A.B. asks: 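Sharing a structure below in structure tokens format, with a few things to ask.
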Amino acid sequence: RVESAARAGEEPFDVAGRLSARYGDDALSANFDWRHRPQDDAIVLATPLGQVLAKLDRDGSEVSLALADGQRSRADSFDALTASAFGVALPVSGLTWWIRASPRAGSAFAIERDAAGRAGVLRQDGWEIVYTYADDTATLPRRLTLAYPGVDMRVVVDRWQ
């Protein structure tokens, strides 16, 4: 299982959808388009009408954030970057695995499977991720509900490639 989780993080994907996050009184809703490759990531957050709010990029070991107002930030991890930019560390690193209903390699986890044997609930790194699938034959999740003390996130996947 550890080897399959490690391989899952290396598998390229393209995914698009919608997300919402709430941290205390702060909230964010956006469309997202995410291209993941083993050595790089490109994530674009936009309004429902397509106006770009932010671009997050990872190139090797450096990550950067460009906001619509021209502000730019750099850090050595997405979690550190989102913590400084948004006031809360969004689990982008974990989402590389979690969005595909797989635990992140190198960290303890607990998983509950649904009747079809797919991940139904995953607990890892202090987060609880609840998965919903489009139908009984779907292998990738359609919705993720993520909860961490003080933080709630919802991700709806509209397109997998």
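Nothing here was measured: the structure is a model prediction, and the numbers come from that model.
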A.B. asks: Surrounding CZ of Arg123 (heavy atoms of other residues, nucleotides or ligands, distance under 6.0 Å), is the total greater than 12?
C.D. replies: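 Yes, because the 6.0 Å sphere around CZ of Arg123 holds more than 12 heavy atoms from other groups.
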A.B. asks: With the 4.5 Å side-chain cut-off for hydrophobic clustering, are Val156 and Trp98 part of the same group?
C.D. replies: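 Hydrophobic grouping puts Val156 apart from Trp98.
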A.B. asks: Considering only heavy atoms from C-beta outward, does the side chain of Ile129 approach that of Val121 to under 4.5 Å?
C.D. replies: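 Side chain of Ile129 against side chain of Val121, heavy atoms only: no contact under 4.5 Å found.
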A.B. asks: Check for a donor-acceptor pair, side chain of Arg142 on one end and backbone N or O of Val157 on the other, with a separation under 3.5 Å.
C.D. replies: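 Yes: the side chain of Arg142 pairs with the backbone of Val157.
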A.B. asks: With a cut-off of under 6.0 Å to the ring centre and 45° to the axis, is Arg18 in cation-pi contact with Phe32?
C.D. replies: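 No, Arg18 does not sit over the ring of Phe32.
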A.B. asks: Carefully, step by step, assess Asp33 and Ile43 under the rule side chain to side chain contact (heavy atoms under 4.5 Å, CB included).
C.D. replies: CA-CA 6 Å; Asp33 196 339; Ile43 303 169; over 6 Å; no
A.B. asks: Enter the distance from Arg58:CZ to Ser77:OG here, rounded to the nearest 0.5 Å.
C.D. replies: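 The distance works out to 11.5 Å.
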A.B. asks: When you check the side-chain N and O atoms of Trp34 and Asp14, is any donor under 3.5 Å from an acceptor?
C.D. replies: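 The criterion, which ignores hydrogens and geometry beyond distance, is not satisfied for Asp14 and Trp34.
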A.B. asks: Within a reach of under 6.0 Å around OH of Tyr23, are more than 12 heavy atoms found that belong to other residues, nucleotides or ligands?
C.D. replies: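 Result for OH/Tyr23: open.
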A.B. asks: Do Leu140 and Val130 belong together in a cluster built from hydrophobic side chains that touch within less than 4.5 Å?
C.D. replies: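 Unlinked, Leu140 and Val130 end up in two clusters.
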A.B. asks: Would you please test Asp40 and Asp57 for side chain to side chain contact (heavy atoms under 4.5 Å, CB included) and show each step?
C.D. replies: CA-CA 7 Å; Asp40 62 81; Asp57 291 292; over 6 Å; no
A.B. asks: Looking at Arg118 and Ala138, would you say the former's side chain and the latter's main chain have a donor-acceptor pair under 3.5 Å?
C.D. replies: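 Yes.
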A.B. asks: For the residue pair Phe13 and Trp160, does the interplanar ring angle fall in the parallel (under 30°), tilted (30 to 60°) or perpendicular (over 60°) class?
C.D. replies: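 Answer is perpendicular, since the angle exceeds 60°.
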A.B. asks: Could you pull out the closest heavy-atom pair between Asp136 and Ala116, with the gap in Å?
C.D. replies: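 It is O-CB, 4.3 Å.
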A.B. asks: Does Glu11 reach the side chain of His36, with side-chain heavy atoms less than 4.5 Å apart?
C.D. replies: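 Not touching, per the 4.5 Å side-chain cut-off.
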A.B. asks: Nearest 0.5 Å, what's the CG-CG distance between Leu56 and Leu45?
C.D. replies: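 The CG atom of Leu45 is 6.0 Å from CG of Leu56, to the nearest 0.5 Å.
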A.B. asks: Are any of the side-chain heavy atoms of Asp59 and Gln39 separated by less than 4.5 Å?
C.D. replies: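 Not in contact.
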A.B. asks: Can you name the nearest heavy-atom pair linking Pro149 to Gly126, along with the distance?
C.D. replies: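 Taking Pro149 first and Gly126 second, the nearest heavy atoms are CD-O, 3.9 Å.
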A.B. asks: Take Leu144 and Tyr131 through the side chain to side chain contact (heavy atoms under 4.5 Å, CB included) test and state the conclusion after the steps.
C.D. replies: CA-CA 5 Å; Leu144 292 77; Tyr131 296 97; 3.7 Å; yes
A.B. asks: Hydrophobic cluster membership, with links at side-chain heavy-atom distances under 4.5 Å among I/L/V/M/F/W/Y: are Leu67 and Leu28 in one?
C.D. replies: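 Yes: a chain of side-chain contacts under 4.5 Å links Leu67 to Leu28.
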A.B. asks: Among the clusters formed by ILVMFWY side chains lying less than 4.5 Å apart, do Trp127 and Phe78 turn up in the same one?
C.D. replies: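 Trp127 clusters together with Phe78.
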A.B. asks: Run the side chain to side chain contact (heavy atoms under 4.5 Å, CB included) check on Thr47 and Leu53 step by step: do they pass?
C.D. replies: CA-CA 7 Å; Thr47 67; Leu53 299 169; 3.6 Å; yes
A.B. asks: Would you kindly say whether Gln124 and Trp97 are connected by a side-chain donor-acceptor distance under 3.5 Å?
C.D. replies: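 Side-chain D/A pair, Gln124 to Trp97: absent.
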A.B. asks: Answer yes if the side chains of Thr137 and Asp135 hold a donor-acceptor pair under 3.5 Å, and no otherwise.
C.D. replies: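 Short answer, yes.
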A.B. asks: Just wondering, more than 12 heavy atoms not from Arg159 lying within 6.0 Å of its CZ?
C.D. replies: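 Counting neighbours around CZ of Arg159, more than 12 heavy atoms of other residues, nucleotides or ligands fall under 6.0 Å, so yes.
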A.B. asks: Between Asp41 and Arg35, is there a salt bridge with N-O shorter than 4.0 Å?
C.D. replies: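 The answer is no: the pair does not qualify as a salt bridge.
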A.B. asks: Kindly give the heavy-atom pair with the smallest separation between Arg104 and Gly94, and that separation in Å.
C.D. replies: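 That closest heavy-atom pairing would be CD-CA, 3.9 Å.
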A.B. asks: Ignoring hydrogens, what is the shortest heavy-atom contact between Tyr133 and Ala119? Give both atom names and the distance.
C.D. replies: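 Scanning both residues completely, I find the closest heavy atoms to be OH-O, 2.7 Å.
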A.B. asks: Given side chains that start at C-beta, do those of Arg22 and Arg154 come closer than 4.5 Å, heavy atoms only?
C.D. replies: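 In short, these two side chains do not touch, never coming nearer than 4.5 Å.
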A.B. asks: Are Leu122 and Val155 connected into the same hydrophobic cluster when the rule is that any two of I, L, V, M, F, W, Y join if their side-chain heavy atoms are below 4.5 Å apart?
C.D. replies: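 Linked, Val155 and Leu122 end up in one cluster.
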A.B. asks: Measuring from Leu95:CG to Leu146:CG, what's the distance to the nearest 0.5 Å?
C.D. replies: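 Between atom CG of Leu95 and atom CG of Leu146 there are 6.0 Å.
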A.B. asks: Compare all side-chain heavy atoms of Leu81 with those of Ser73 and state whether any distance is below 4.5 angstrom.
C.D. replies: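 Yes - at least one pair of side-chain heavy atoms lies under 4.5 Å apart.
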A.B. asks: With a 4.5 Å limit on heavy-atom distance, are the side chains of Val63 and Asp76 in contact?
C.D. replies: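 Heavy-atom side-chain distance check fails, nothing below 4.5 Å.
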